[in-house]
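Down below is the structure, laid out as structure tokens.
Side-chain atoms are counted along with the backbone in the values below, which use heavy atoms only and exclude waters and symmetry mates. Just so it is clear, the structure is predicted and the values come from calculations on it, not from any experiment.
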Amino acid sequence: MKICLIYQHALGDGGYPRDVRWLATTLAAHGADVTLVCGETRNTEGLSGGVAIARLESIPRELEHFDLVHIFGLFIPAHMRLLEEAIRIGIPTVLSPMAVLMPFAVNRTRWKRVKKEAFMRLYAGTLSRVTSLHLLSHSESLSWSDVWRQSHRMFGQFGIFPPDPAAASAGVPLRRTAAPFVFFGRNDVYQKGIDILLEAVRVAESRSASADASIQLVIAGRPCLKSDQFIRARIQRLARREAVSLLGALDTRSAYELLGSARALVFLSRFDGPPRPIREAISLGVPVIVSRETNMGEIVEAYDAGAVVPLDADAVAAALLEVWRDPQKSEWWRANVPKLKAALSWDRVVGPYLSGYREVVNVPGH
């Protein structure tokens, strides 16, 4: 099968670009003829020689040679132009919204909602003719569902990455009775649910009978939009300010040491693709406590490698206290993490993509 993967930022830095590069390489390793269409060449980490690279501006005249076109990312005009061309030619198409239509993403600000609504209206005719939507999980709820007339859906996760060899030894879990809960990642207070997590710590403190029973939380990662000021202000409201530590950005080895020593990673995104810190924790054998909106809740539940909690401070506090008071709970999860890690290997996650692509190519009318 000749597959055209289109993502303008595929050779850039960051999580989604790396995911698309690794997916392209794994598809090629499993026998697909893959061309990755993107912008300027900057970062080719994860790509193999089996993947052809093409520029966005050169590909329209080549689209007719592919069996299927898969576009990653919705609100990119260059993507829409290529989608329109593929539909005009009659090539089966797959579109990955990549979490940008999840309710909290749409409603983050009024201005963002207005812009997204305008974009969706502008391209409504094109979007209604997309052959299939690729969703990261069943939790990826979509707004504007009336736009998607096609019935086909394909589901596919992104895989995990091997730890950096230079720091891998630091990821050995430290069996400490008082191991903290950890949040690690970009400190976007709203998207990553840090506000909910800090309120959950406050609630947990109010329910603890003694200081010895109070949970410990470490927040690490790059500050975002004055997040450090927000977090410090919330820490000041706690009865025990030492219950939360704010570390800021960490180098790779320090991050691995922190994750490896955690009782669990806690990640409460309001909307997200499979967050890279969750996958890094899994790669290091660490259990996770996540929201469904991370789009990883379903698979964490399936392998009993952590907990899935609602975006509610009371519920999160109850979950944290349960695990804090019963260390065997996190050890049970930890014993199951290797099975989840195996399920998220790229050689395993590529299977649903290949089977989904075959279904798309055989959709009636194509």
Side-chain angles (χ1 to χ4, degrees), residues 1-30 32-63 65-87 89 91-102 105 116 119-120 123 126-127 130-137 140 142 154-161 271-276 279 295 346 349-350 352-354 356-357 360:
M1 184 184 299
K2 295 192 68 173
I3 301 170
C4 179
L5 303 182
I6 298 175
Y7 185 33
Q8 182 173 348
H9 309 300
L11 299 186
D13 298 323
Y16 279 141
R18 189 185 193 194
D19 288 326
V20 173
R21 292 195 301 267
W22 276 65
L23 176 61
T25 291
T26 312
L27 286 168
H30 283 253
D33 185 339
V34 180
T35 296
L36 178 60
V37 179
C38 48
E40 293 184 5
T41 301
R42 290 178 294 171
N43 186 345
T44 58
E45 182 273 332
L47 284 176
S48 73
V51 178
I53 304 296
R55 298 290 294 274
L56 280 166
E57 59 270 23
S58 66
I59 202 63
R61 60 180 177 271
E62 305 293 335
L63 285 177
H65 300 301
F66 294 100
D67 299 310
L68 176 141
V69 171
H70 186 168
I71 294 177
F72 294 86
L74 179 56
F75 297 113
I76 302 175
H79 287 186
M80 293 299 101
R81 290 192 290 271
L82 292 177
L83 179 60
E84 289 174 336
E85 180 64 12
I87 290 172
I89 296 171
I91 301 170
T93 53
V94 178
L95 177 64
S96 297
M98 292 161 74
V100 297
L101 291 180
M102 296 181 74
K116 288 181 177 182
F119 189 98
M120 296 294 285
Y123 291 103
T126 299
L127 294 172
V130 170
T131 312
S132 180
L133 287 178
H134 160 238
L135 303 179
L136 298 163
S137 78
E140 189 180 359
L142 297 176
M154 59 173 278
F155 295 90
Q157 274 283 353
F158 291 132
I160 61 175
F161 303 101
F271 59 94
D272 233 322
R276 185 167 170 178
R279 289 181 280 163
N295 277 306
W346 282 98
V349 300
V350 77
Y353 286 90
L354 289 169
Y357 291 159
V360 171

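- Nearest heavy-atom pair, Gly273 versus Tyr16, reported as atom, atom and distance to 0.1 Å: CA-OH, 3.0 Å.
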* To do: With side chain to side chain contact (heavy atoms under 4.5 Å, CB included) as the test, would you mind laying out the steps for Phe155 and Glu140 before giving the verdict?
  => CA-CA 10 Å; Phe155 295 90; Glu140 189 180 359; over 6 Å; no
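- Qualifying side chain to side chain donor-acceptor pair (under 3.5 Å) partners for Ser137, counting only residues two or more places apart in sequence or in other chains: Asn295.
- One N or O on the side chain of Trp346 and one on the backbone of Ile160 form a donor-acceptor pair closer than 3.5 Å.
- The nearest pair of heavy atoms linking Val360 to Met154 is CG2-SD, 4.5 Å.
- Between Ile76 and His9, some side-chain heavy-atom pair lies under the 4.5 Å cut-off.
- Nearest heavy atom pair, residue Thr93 against residue Val130, reads OG1-CA, 3.6 Å.
- When side chains are defined from C-beta on, Phe161 counts as touching Asp19, because their heavy atoms get closer than 4.5 Å.
- To the nearest 0.5 angstrom, Leu83 atom CG is 6.0 Å from Thr126 atom OG1.
- Residues Phe158 and Val349 are not in side-chain contact: their nearest non-hydrogen atoms beyond the backbone lie 4.5 Å or more apart.
- Residues in residues 9-18 take part in these salt bridge (Lys or Arg N to Asp or Glu O under 4.0 Å) pairs, two or more places apart or across chains: Arg18-Glu45.
- Annotation: the span from Thr131 atom OG1 to Leu95 atom CG amounts to 10.5 Å, rounded to 0.5 Å.
- The salt bridge (Lys or Arg N to Asp or Glu O under 4.0 Å) contacts involving residues 32-44 comprise nothing, where partners must be two or more places apart or lie in separate chains.
- Between the side chain of Ser48 and the backbone N or O of Gly50, at least one donor-acceptor pair lies under 3.5 Å.
- One N or O on the side chain of His79 and one on the backbone of Gly73 form a donor-acceptor pair closer than 3.5 Å.
- Taking every heavy atom of both residues into account, Ala10 and Cys38 meet most closely at CB-CB, 3.9 Å.
- Note that CZ of Arg81 is 6.5 Å distant from OH of Tyr123, once rounded to the nearest 0.5 Å.
- In this structure Thr25 satisfies the side chain to side chain donor-acceptor pair (under 3.5 Å) test with no other residue, sequence neighbours excluded.
- Residues meeting the side-chain contact (heavy atoms from CB on, under 4.5 Å) test with Glu85, sequence neighbours left out: Leu63, Arg88, Ile89.
- In terms of heavy-atom proximity, Tyr7 sits nearest to Phe72 at CD1-O, 3.1 Å.
- A heavy-atom distance below 4.5 Å is not found between the side chains of Ser132 and Tyr357.
- Qualifying ring pair (Phe, Tyr, Trp, His ring centres under 6.0 Å) partners for His134, counting only residues two or more places apart in sequence or in other chains: His70, Tyr353.
- Rounding to the nearest 0.5 Å places SG of Cys4 at 7.5 Å from CG of Leu82.
- With sequence neighbours excluded, the residues satisfying side-chain contact (heavy atoms from CB on, under 4.5 Å) with Phe75 are Val100, Leu101, Lys116, Phe119, Met120.
- In this structure the side chain of Leu127 reaches within 4.5 angstrom of the side chain of Leu74, judged on heavy atoms.
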What pairs of donor and acceptor atoms, side-chain ones from residues 51-59 against any protein atom, are under 3.5 angstrom apart with sequence neighbours left out?
| unit_1 | atom_1 | unit_2 | atom_2 | d |
| --- | --- | --- | --- | --- |
| Arg55 | NH2 | Glu57 | OE2 | 3.4 |
| Ser58 | OG | Arg55 | O | 3.0 |

* To do: Show your working on side chain to side chain contact (heavy atoms under 4.5 Å, CB included) between Val37 and Glu62 and close with a plain yes or no.
  => CA-CA 11 Å; Val37 179; Glu62 305 293 335; over 6 Å; no
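- For His30, the side-chain contact (heavy atoms from CB on, under 4.5 Å) criterion is met by Thr26, Asp347, Val350, Leu354, not counting sequence neighbours.
- Contact between Gly39 and Leu11 at its shortest, heavy atoms only, is O-CD1, 4.4 Å.
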